[in-house]
Amino acid sequence: MDEKGKELGQMIYVVKLKVGYKVKRGNGYINNYRTIEFPTRMKSIEDINSNPEMIMNIMASLKLVGKKVYDFHVTEELFREELSRSFAHKEKDYLK
C-alpha cells in the first residue's frame with residue numbers, strides 16, 4: 001500500500017446535543033433549551049460552537065431562522081456513537 005492508501009478518513013458520529021438560546025420578548029429574554037440528534041464529523045462541543053456554518057445548520061433544522069434568537073450555543077452532549085469513517089475527508093485535514 002502506498003502512503004495515500006494508509007490515510008484514515010475522519011470519524012463520523014451520531015450525536016445528541018442539548019442546545020440553549022434566548023428569544024427576545026418585550027424588554028427581556030426567555031431562555032430555551034432543546035435537544036437535537038444529527039450526524040457530524042466534529043469531535044467536541046467547542047468545535048461545534050466555533051463553526052458558524054454548523055451553528056446555522058443546527059438553527060435551520062430547529063426552524064429558528066428569522067426569529068429573534070440570541071446567544072445560540074451547544075450546552076451539553078448527551079451521547080455520541082461512531083458510525084463509520086469518511087472517504088472524502090481525511091484525518092490530517094480536520095483543522096481546516
Side-chain angles (χ1 to χ4, degrees):
M1 242 181 185
D2 62 341
E3 193 62 34
K4 289 196 176 206
K6 292 181 183 178
E7 291 180 16
L8 291 175
Q10 294 178 14
M11 185 58 73
I12 300 173
Y13 304 98
V14 172
V15 294
K16 185 171 186 177
L17 301 173
K18 183 176 179 182
V19 296
Y21 58 96
K22 297 177 183 179
V23 177
K24 179 98 167 142
R25 293 286 164 94
N27 290 334
Y29 297 96
I30 296 174
N31 293 325
N32 293 295
Y33 297 95
R34 293 175 69 182
T35 60
I36 183 170
E37 188 174 329
F38 64 95
T40 185
R41 292 179 287 116
M42 301 286 179
K43 294 180 181 178
S44 68
I45 293 174
E46 292 80 21
D47 291 342
I48 294 172
N49 281 332
S50 65
N51 188 340
E53 184 179 344
M54 181 63 101
I55 294 294
M56 292 303 294
N57 288 338
I58 296 171
M59 287 178 69
S61 67
L62 292 173
K63 295 181 175 51
L64 295 174
V65 185
K67 295 186 178 182
K68 296 179 180 179
V69 176
Y70 298 94
D71 193 25
F72 188 92
H73 61 283
V74 176
T75 59
E76 184 180 356
E77 183 177 308
L78 302 174
F79 81 85
R80 176 179 294 260
E81 182 180 334
E82 295 181 356
L83 282 181
S84 67
R85 292 212 174 259
S86 171
F87 295 110
H89 303 279
K90 300 301 178 192
E91 190 65 41
K92 67 177 182 164
D93 299 330
Y94 180 73
L95 296 177
K96 293 182 183 178

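Applying the side-chain contact (heavy atoms from CB on, under 4.5 Å) test to E82 and every residue at least two apart in sequence or in another chain returns M11, Y13. The side-chain contact (heavy atoms from CB on, under 4.5 Å) search around E53 returns N51, N57, not counting sequence neighbours. In terms of the side-chain contact (heavy atoms from CB on, under 4.5 Å) criterion, N27 has no residue partners (sequence neighbours excluded). F72 is linked by a ring pair (Phe, Tyr, Trp, His ring centres under 6.0 Å) to Y21, counting only residues two or more places apart in sequence or in another chain.
For the atom pair OG1 of T40 and CG of D47, the computed distance is 9.0 Å after rounding to the nearest 0.5 Å. In this structure, R41 CZ and K43 NZ are separated by 10.5 Å, a value rounded to the nearest 0.5 Å. A distance of 5.5 Å separates NZ in K22 from CG in N31, rounded to the nearest 0.5 Å. With rounding to the nearest 0.5 angstrom, the CG atom of L17 is 5.0 Å from the CD1 atom of I48. For the atom pair OG of S50 and CE of M42, the computed distance is 7.0 Å after rounding to the nearest 0.5 Å. Residue I55 holds its CD1 atom at 11.5 Å from CG of L64, rounded to the nearest 0.5 Å.
Among residues at least two apart or in separate chains, there is no ring pair (Phe, Tyr, Trp, His ring centres under 6.0 Å) pair with a member in residues 38-60. Sequence neighbours left out, the pairs with a member in residues 68-79 that pass side-chain hydrogen bond (donor to acceptor under 3.5 Å, both in side chains) are E77-R80.
R85 approaches I12 most closely through the heavy-atom pair C-CD1, 4.3 Å.
With a 6.0 Å radius and a threshold of 12 heavy atoms from other residues, nucleotides or ligands, K24 has its NZ atom above the threshold.
Hydrophobic clustering (side-chain heavy atoms under 4.5 Å, transitive across Ile, Leu, Val, Met, Phe, Trp, Tyr) keeps I36 apart from L78. By the criterion of side-chain heavy atoms lying less than 4.5 angstrom apart, applied directly or through intervening Ile, Leu, Val, Met, Phe, Trp or Tyr residues, M56 is grouped together with V23 in one hydrophobic cluster.
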